[in-house]
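Heads up, the thing below is written out as structure tokens.
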Amino acid sequence: SDAVTAGSHATESARAGLSNLRGQGAGQVDQQRVAAVVGAALEGIRAAIRDHRVTYEEFDAFKQWLIAVSDTGEWPLFLDVYLEFEVEKVAAQTQQGSVGTILGPFWLDGQARLTSPATLPMRDDEPGTPMILAGQVTSTDGTPLRGATVDIWHTDDEGWYSGFAAKPPAGNLRGVVACDDEGRFEIHTRRPAPYTIPLDGPTGQMTQAAGWSPWRPAHIHLLVAAPGHRTLTSQLFFTGDPYLGNDVASADKPELTLDPQPTGHGDEVRSDRDFVLEPG
Ligand code: MBD
Ligand code: FE
């Protein structure tokens with residue numbers, strides 16, 4: 001199924017790749033913090049059981065649902081859709097520079113290394129509107145950042161991510177672009193499409209059972225990095241997208257909206273966006 005394809009690849013990628021990106025995890029955690037955080041999480045669930053008089057039938061269904069999340073490999077999807085935005089908000093309270101948002105489950109390590117101006121790997125007949133994303137990476141004091149890179153990934157024109165769906169070839173619409181000596185980048189790609197989480201897996205089924213929208217607005221994922229600076233994790237969205245403000249992953253922000261304009265070359269569009277990185 002689509003859910004098992006996406007889920008198993010996201011689980012594999014989370015196991016292998018996340019430690020390269022954000023380090024080895026929390027390590028040894030203080031007992032008081034375990035009791036406080038895990039205790040609060042469990043008490044939230046117990047309160048839901050009490051307040052809504054949850055039955056044994058519902059408790060058993062919950063157990064089956066959790067087992068299905070594991071069986072389909074959807075833990076990365078479920079966690080990044082329903083919880084990551086709160087972790088990102090906590091982190092953002094102590095961060096300077098450009099506004100960021102969540103990483104999500106579909107980043108892949110080790111993609112094509114390109115040099116700006118760059119065209120992302122794509123099929124000869126890659127469908128969708130040609131789009132240029134260009135800008136400059138600077139430090140918080142305005143210094144252009146030599147050695148900056150823009151790791152970029154997004155769906156194709158049908159809403160599929162390469163590496164997580166059968167259709168797009170490996171590496172499609174993903175790349176790590178080296179900026180010029182002034183931190184400038186110009187990336188040629190296709191405009192992505194809105195994305196629905198898999199509807200045949202437990203995360204999508206729970207979402208629909210609650211009557212919530214399973215859609216994310218169309219978005220471009222970015223990791224903007226430079227020597228001596230904190231890597232910015234962000235996404236860019238599009239003005240007029242019907243799913244803005246109703247993102248199933250609660251990750252869209254007004255500061256992150258693009259309004260691409262025609263370049264005059266066929267139906268090509270372009271957006272310019274600069275990024276400011278915090279030293280550290
Ligand atoms: C996505 O494409 C995504 O970016 C997130 C955060 C969650 C699910 C699918
Ligand atoms: Fe995404």
Side-chain angles (χ1 to χ4, degrees), residues 97-101 104 106-108 111-138 142 144-162 165 167-169 171-195 215-226 232-245 247 251-277:
S98 293
V99 169
T101 188
F106 298 142
W107 174 72
L108 287 175
Q111 297 306 297
R113 317 277 317 187
L114 310 166
T115 302
S116 179
T119 301
L120 295 188
M122 63 176 79
R123 294 159 281 194
D124 289 341
D125 54 352
E126 187 67 38
T129 306
M131 177 176 161
I132 300 172
L133 179 67
Q136 187 176 25
V137 184
T138 62
L145 287 175
R146 176 191 291 266
T149 56
V150 177
D151 186 340
I152 178 170
W153 68 104
H154 60 80
T155 72
D156 65 14
D157 190 50
E158 295 181 340
W160 300 115
Y161 280 98
S162 64
K167 226 172 159 192
N172 207 57
L173 303 177
R174 297 174 177 272
V176 183
V177 179
C179 300
D180 73 11
D181 288 347
E182 264 91 50
R184 288 206 173 75
F185 61 89
E186 181 181 303
I187 301 168
H188 295 242
T189 185
R190 294 285 182 273
R191 205 180 142 132
Y195 170 89
W215 288 90
R216 296 211 62 212
H219 57 281
I220 294 174
H221 291 269
L222 303 157
L223 286 170
V224 184
L232 173 71
T233 303
S234 197
Q235 300 179 27
L236 295 170
F237 302 86
F238 297 92
T239 306
D241 190 304
Y243 302 109
L244 280 180
D247 180 358
D252 60 330
K253 301 182 184 183
E255 300 92 329
L256 299 176
T257 309
L258 300 175
D259 189 11
Q261 298 299 313
T263 61
H265 297 117
D267 57 352
E268 184 185 64
V269 296
R270 174 182 173 119
S271 272
D272 288 77
R273 179 58 57 118
D274 297 337
F275 297 102
V276 178
L277 302 188

For the backbone of [Y] and the side chain of [X], can you confirm whether one donor and one acceptor N or O come within less than 3.5 Å of each other?
{"X": "Gln136", "Y": "Glu182", "result": "yes"}
{"X": "Asp252", "Y": "Gly245", "result": "yes"}
{"X": "Ser116", "Y": "Glu186", "result": "yes"}
{"X": "Ser162", "Y": "Asn172", "result": "yes"}

Please name the pair of heavy atoms, one in [X] and one in [Y], separated by the smallest distance, quoted to 0.1 Å.
{"X": "Leu114", "Y": "Gly175", "answer": "CD1-CA, 4.3 Å"}
{"X": "Asp267", "Y": "Thr129", "answer": "O-CG2, 3.2 Å"}
{"X": "Tyr195", "Y": "His219", "answer": "CB-CE1, 4.3 Å"}
{"X": "Arg270", "Y": "Thr263", "answer": "CB-CG2, 3.6 Å"}
{"X": "Thr138", "Y": "Pro144", "answer": "CG2-CA, 4.0 Å"}
{"X": "Ala218", "Y": "Pro192", "answer": "CB-O, 3.6 Å"}

Mind checking the [atom1]-[atom2] spacing from [X] to [Y]? Nearest 0.5 Å is all I need.
{"X": "Leu120", "Y": "Trp153", "atom1": "CG", "atom2": "CH2", "value": "12.0 Å"}
{"X": "Trp160", "Y": "Thr155", "atom1": "CH2", "atom2": "OG1", "value": "10.5 Å"}
{"X": "Glu268", "Y": "Arg190", "atom1": "CD", "atom2": "CZ", "value": "9.0 Å"}
{"X": "Thr189", "Y": "Leu173", "atom1": "OG1", "atom2": "CG", "value": "4.5 Å"}
{"X": "Lys253", "Y": "Leu236", "atom1": "NZ", "atom2": "CG", "value": "12.0 Å"}
{"X": "Leu258", "Y": "Asp241", "atom1": "CG", "atom2": "CG", "value": "11.0 Å"}

Between Gln235 and Thr101, do the side chains contain a donor N or O and an acceptor N or O under 3.5 Å apart?
no
Flag if over 12 foreign heavy atoms under 6.0 Å of CG, Asp125:
yes
Verify the neighbour count for atom CH2 of Trp215: are there more than 12 heavy atoms of other residues, nucleotides or ligands below 6.0 Å?
yes
Determine, stepwise, if the pair Phe185 / Val224 fulfils side chain to side chain contact (heavy atoms under 4.5 Å, CB included).
CA-CA 11 Å; Phe185 61 89; Val224 184; over 6 Å; no
Indicate, with yes or no, if the rings of Phe237 and Tyr243 have centres closer together than 6.0 Å.
no
Got a salt bridge between Arg123 and Asp156, using NZ or NE/NH1/NH2 to carboxylate O under 4.0 Å?
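Yes, this pair counts.
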Any heavy-atom pair between the side chains of [Y] and [X] that's under 4.5 Å?
{"X": "Val150", "Y": "Leu222", "answer": "yes"}
{"X": "Phe238", "Y": "Ser271", "answer": "no"}
{"X": "Asp151", "Y": "Trp107", "answer": "yes"}

Steps toward side chain to side chain contact (heavy atoms under 4.5 Å, CB included) verdict (Leu232, Val137)
CA-CA 11 Å; Leu232 173 71; Val137 184; over 6 Å; no
